[in-house]
Student: 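One structure is given below, represented as structure tokens, and several questions about it will come after.
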Protein chains: 2
Amino acid sequence: MKQKITLKHIARELEVSISTVSKALKNSEEIGRDTKEKVQAFAKLYNYKPNNIAISLKNKRTKNIGVIIPDIVHHFFTTVFRGIEKYANAHGYNVIVCVSDESFDKEVINMELLANGSIDGFIMSLSAETQQKNDFNHLKEVTEQGIPLVLFDRVTEEIDCDKVVINDMEIAYRAVDKLIKTGRKRIALVTTENYFNVSKKRAEGYQKALEDNGLKMEERLVLKLPYTEVNDEMITKFFDTNEIDAVLCVNELFAILCMRLAQKKGLRIPEDISFIGFTNGILSRYATPTLTTVEQHGEKMGQIAAEMLIKKIESEIDEEEETYRTEVIEATLIERESTPN
Amino acid sequence: MKQKITLKHIARELEVSISTVSKALKNSEEIGRDTKEKVQAFAKLYNYKPNNIAISLKNKRTKNIGVIIPDIVHHFFTTVFRGIEKYANAHGYNVIVCVSDESFDKEVINMELLANGSIDGFIMSLSAETQQKNDFNHLKEVTEQGIPLVLFDRVTEEIDCDKVVINDMEIAYRAVDKLIKTGRKRIALVTTENYFNVSKKRAEGYQKALEDNGLKMEERLVLKLPYTEVNDEMITKFFDTNEIDAVLCVNELFAILCMRLAQKKGLRIPEDISFIGFTNGILSRYATPTLTTVEQHGEKMGQIAAEMLIKKIESEIDEEEETYRTEVIEATLIERESTPN
DNA sequence: AAAAGTTACGCAAACGGTTTCGTGTTAATA
DNA sequence: TATTAACACGAAACCGTTTGCGTAACTTTT
């Protein structure tokens with residue numbers, strides 16, 4: 001087992017001081033040509049690589065960024081993650097991922113753990129529970145320590161920091177407006193509980209589009225499903241008790257489930273009923289029929305989040321008056337078979 | 001901005017030495033009651049938390065594990081990742097993820113970067129390119145340095161280390177055998193190029209099942225698709241030029257694509273043609289018809305990989321004669337609508 | 001009262017680097 | 001020949017912790 005070689009080893013072997021070795025490897029002007037060459041050759045031969053941890057300790061920079069997301073087996077989050085990872089990697093950063101599993105406690109624990117020197121900044125999307133509790137002290141603590149933080153998608157206004165979101169309200173508006181323009185009148189919304197701020201925004205867009213088109217929102221056309229463990233019955237009942245000719249779903253899975261049950265009921269898509277979902281994932285592309293859906297540009301979102309974070313990390317100036325931005329990414333409606341064209 | 005407090009700050013404030021503070025916080029017997037209480041109270045008040053980096057440097061243990069996977073927007077890998085992350089987190093480890101993007105170079109660069117002190121061990125699945133090149137020097141270097149390594153799913157026999165795989169050959173055998181038992185005779189295999197060892201194993205199982213049932217393998221019933229950017233034409237042509245009554249696909253996506261095109265051709269599933277895929281992902285569950293598929297138990301795989309790795313990391317004994325295991329997870333065939341029952 | 005043992009703490013080295021400053025040797029200048 | 005500058009390198013501090021060991025001040029024993 002080859003042990004990792006350190007400056008000390010090289011110094012001892014070459015009978016020079018550690019500082020000479022360090023400088024020689026950095027090609028410092030201070031060191032003579034012969035010594036430099038000797039040291040560099042030796043280092044190359046033994047494949048010397050500086051120890052990251054030692055360097056981190058010295059510079060107080062880890063070149064790691066912490067990403068905390070609610071779930072990893074999830075198309076949208078992995079897409080964002082890919083954007084983060086690509087940008088970060090290209091700029092010399094590594095990514096430490098923690099999954100909060102939609103739990104407040106895990107989110108807190110993971111943040112505290114990472115905040116003790118392991119990372120230079122955070123990128124995160126709030127867990128469901130955190131949004132429910134409306135408790136953001138862990139975020140506040142981190143920002144007060146001067147650790148940069150970027151929130152994406154599931155954000156909160158309680159915390160001053162950089163944010164990246166999509167124009168949820170407007171795209172929902174446009175989606176519903178489009179449904180109305182194709183003659184639909186009884187448009188349902190299938191959503192989650194309201195504590196998800198994105199769901200709230202989408203609901204607002206839904207309502208506004210209805211109203212601007214002279215329709216009024218009916219509570220019974222809004223179905224709120226639990227985030228986990230949806231059972232078919234709720235959906236079936238919803239379709240049985242209401243006449244519906246179009247559905248906007250706040251995510252892809254809800255849309256697929258609804259389409260299946262509508263089809264089972266004998267409805268033809270999109271002739272009798274149209275569907276639009278959020279999250280342009282693999283399901284939307286390969287479902288039958290393929291689903292018209294809102295592309296959230298997750299990878300771009302991740303890339304921008306990483307860009308904002310790294311910029312903050314590397315801006316030496318800890319200006320007294322920090323300035324925070326909220327970047328809004330334009331979502332795109334991708335039309336497929338579940339809506340008439 | 002509250003600066004992070006260190007032992008030095010506490011020491012200065014309380015007019016004791018740094019070592020006294022350190023020992024007091026660890027409740028050492030060496031320190032008097034009064035001093036201990038004073039220090040502990042102060043530390044709690046100012047929310048002192050030791051710096052992870054300093055501790056890592058001291059112990060030569062980072063409590064980080066490096067995970068290198070070919071892709072993150074991918075159901076199987078994220079599932080495995082979830083298993084790794086859960087187990088690691090529960091045992092005090094954080095996870096640094098690098099995505100090789102199926103590229104040999106990225107795999108090498110990322111490994112070298114992380115190997116310089118950032119992590120205590122690796123869990124990885126080989127990139128496509130690495131398997132093609134058959135070049136594993138980067139793995140060899142890492143293991144020679146004494147850094148524990150666990151390979152999963154896409155493994156190689158060239159490297160001595162712990163491994164976690166599924167019984168690909170047998171499950172493919174069982175799948176094909178099942179197809180034959182339902183009366184199918186012209187069974188196709190849709191696979192990738194052979195340099196994926198898992199594809200090779202699955203192909204072996206396919207062939208053996210045919211032969212054991214008195215059928216012989218026909219090359220023209222084997223379709224090799226490129227791993228990326230599949231175009232429908234290749235598949236259509238394959239179906240047009242061959243009479244096929246069952247298909248085994250080495251992944252979920254191939255199966256979905258094939259099913260769509262078979263349906264388009266007017267074939268009924270499973271009456272005219274059956275399908276079995278690998279990877280029990282979201283597509284299999286929600287496609288029309290739902291897909292009979294091989295569940296690879298990704299989460300379990302990740303959990304076992306993490307368990308093996310952490311055990312190696314924490315076994316102080318760097319025994320001269322290391323002993324490596326290959327854990328084989330039993331895959332399960334999940335029957336759905338794409339096969340008759 | 002002298003010797004020995006406790007108690008409670010500080011010093012310093014170590015982990016693996018970087019960097020500032022000081023200094024001995026040689027070469028150039030006055 | 002004395003003064004100074006340039007060169008090439010080493011000592012030491014520092015990042016934040018941990019820990020073995022030394023020791024001053026008491027307490028106990030004989």
Side-chain angles (χ1 to χ4, degrees), chain A residues 3-40 42-43 46-64 113-120 145-147, chain B residues 3-40 42-43 46-64 113-120 145-147:
Chain A
Q3 256 305 314
K4 260 280 164 191
I5 193 171
T6 69
L7 290 185
K8 198 192 281 191
H9 296 133
I10 304 184
R12 195 183 305 142
E13 211 64 31
L14 263 38
E15 298 185 303
V16 293
S17 76
I18 292 179
S19 31
T20 301
V21 177
S22 174
K23 289 170 189 167
L25 291 175
K26 296 193 115 62
N27 235 318
S28 159
E29 292 302 324
E30 271 186 88
I31 305 298
R33 241 169 58 93
D34 298 359
T35 314
K36 271 204 273 196
E37 281 172 7
K38 192 175 60 173
V39 171
Q40 290 173 359
F42 190 91
Y46 286 94
N47 193 29
Y48 169 80
K49 294 278 169 47
N51 180 305
N52 293 331
I53 298 292
I55 292 183
S56 294
L57 183 58
K58 185 94 242 278
N59 315 334
K60 299 169 145 231
R61 280 287 161 80
T62 62
K63 288 276 186 179
N64 286 154
L113 199 68
L114 293 182
N116 297 134
S118 300
I119 51 90
D120 296 338
Q145 279 175 41
I147 301 178
Chain B
Q3 256 305 315
K4 260 278 165 194
I5 193 170
T6 70
L7 289 185
K8 197 193 281 194
H9 295 132
I10 304 183
R12 195 183 306 142
E13 211 63 33
L14 263 40
E15 299 186 298
V16 292
S17 77
I18 293 179
S19 34
T20 301
V21 177
S22 174
K23 288 169 186 167
L25 291 175
K26 295 193 118 59
N27 235 319
S28 159
E29 291 303 322
E30 270 187 87
I31 306 298
R33 241 169 57 95
D34 298 358
T35 314
K36 272 204 273 197
E37 281 173 7
K38 193 175 57 174
V39 171
Q40 290 173 0
F42 191 91
Y46 286 94
N47 194 29
Y48 169 80
K49 294 278 168 49
N51 180 305
N52 293 331
I53 299 292
I55 293 183
S56 294
L57 182 59
K58 190 94 241 282
N59 312 339
K60 299 169 143 236
R61 281 287 164 77
T62 61
K63 287 280 185 175
N64 286 155
L113 199 69
L114 292 182
N116 296 135
S118 300
I119 50 91
D120 297 339
Q145 279 175 38
I147 301 178

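Residue numbers start from 1 in every chain, and the chains themselves are labelled A, B, ... in the order their sequence lines are given, proteins ahead of strands. What you are looking at is a predicted structure, and each value in this text was computed from that prediction instead of being measured.
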Student: Output the single nucleotide from dC9(D), dG16(D), dC9(C) whose closest atom is nearest the side chain of Thr35(B).
Tutor: dC9(C)

Student: In whole Å, what is the span from the CG atom of Asn51(B) to the P atom of dC14(D)?
Tutor: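 Whole-Å distance recorded here is 17 Å.
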
Student: Under 4.0 Å: is that the gap between some side-chain N or O of Tyr48(A) and OP1 or OP2 of dG16(C)?
Tutor: no

Student: Do Lys36(B) side-chain atoms and Ser28(B) backbone N/O form a donor-acceptor pair below 3.5 Å?
Tutor: yes

Student: Can you tell me if CD on Glu13(A) sees more than 12 non-hydrogen neighbours from other groups inside 6.0 Å?
Tutor: no

Student: Answer yes or no: side-chain N or O of Lys23(B) and base N or O of dG20(D) forming a donor-acceptor pair under 3.5 Å.
Tutor: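 Result: at least one qualifying N/O pair found.
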
Student: From NZ of Lys36(B) over to P of dC9(C), roughly how many Å is that when rounded to an integer?
Tutor: 10 Å

Student: Just compare dA11(D), dG22(C), dG16(C) and give me whichever is closest to any side-chain atom of Glu30(A).
Tutor: dG22(C)

Student: Without swapping roles, check the side chain of Asp120(A) against the backbone of Thr62(A) for a donor-acceptor pair under 3.5 Å.
Tutor: yes

Student: Select one nucleotide: of dT18(C), dT18(D), dG10(D), the one nearest the side-chain heavy atoms of Ile18(A).
Tutor: dT18(C)

Student: What is the distance from atom CG of Asn52(B) to atom NZ of Lys63(B), rounded to the nearest 0.5 Å?
Tutor: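 Going from CG on Asn52(B) over to NZ on Lys63(B), the span is 11.0 Å.
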
Student: With the side chain of Lys58(B) defined as its heavy atoms from C-beta on, choose the nearest nucleotide among dT17(D), dC9(D), dG17(C).
Tutor: dT17(D)

Student: Can you tell me how far P of dA8(D) sits from CG of Leu25(A), to the nearest Å?
Tutor: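 Value for this atom pair: 17 Å.
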
Student: Once you round it to whole Å, what is the distance between C1' of dG16(D) and CG of Asn116(A)?
Tutor: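 It works out to 12 Å between those atoms.
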
Student: Please give, in whole Å, the distance from dG16(C) P to Lys49(A) NZ?
Tutor: 17 Å

Student: Please tell me which of the listed nucleotides, dT18(C), dC11(C), dG16(D), lies nearest to the side chain of Ser19(B)?
Tutor: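 Closest nucleotide among those given: dC11(C).
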
Student: Would you say dC15(C) has OP1 or OP2 under 4.0 Å from some side-chain N or O of Lys8(A)?
Tutor: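 Checking Lys8(A) against dC15(C): at least one side-chain N or O falls below 4.0 Å of OP1 or OP2.
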
Student: Starting at CG of Leu7(B) and ending at P of dC15(D), how long is that distance when rounded to a whole Å?
Tutor: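 To the nearest whole Å, that distance equals 13 Å.
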
Student: Mapping Asn59(B) and Ser17(B) onto DNA chain C by nearest heavy atom, which one lands closer to the 5' end?
Tutor: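 Looking at the nearest nucleotide for each, Ser17(B) comes out on the 5' side.
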
Student: Would you mind telling me which of dT19(D), dC11(C), dG10(D) lies closest to the side-chain atoms of Thr20(A)?
Tutor: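 Shortest atom-to-atom distance from the side chain points to dG10(D).
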
Student: Roughly how many Å is it from NZ in Lys63(A) to P in dG17(C), rounded to a whole number?
Tutor: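 Interatomic distance, NZ of Lys63(A) to P of dG17(C): 18 Å.
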
Student: Taking only N and O in the side chain of Ser22(A), is any of them less than 4.0 Å away from OP1 or OP2 of dG17(C)?
Tutor: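 Ser22(A) to dG17(C) OP1/OP2: no side-chain N or O under 4.0 Å.
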
Student: Within this structure, what is the CD1-to-P distance between Ile55(B) and dC15(D), rounded to whole angstrom?
Tutor: 17 Å

Student: What I'd like to find out is whether the side chain of Phe42(A) reaches to under 4.5 Å of the side chain of Ile5(A), using heavy atoms alone.
Tutor: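 Yes, their side chains come closer than 4.5 Å.
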
Student: If you compare every side-chain N and O of Lys60(B) against the phosphate oxygens of dG16(C) (OP1, OP2), does one of them come in below 4.0 Å?
Tutor: yes

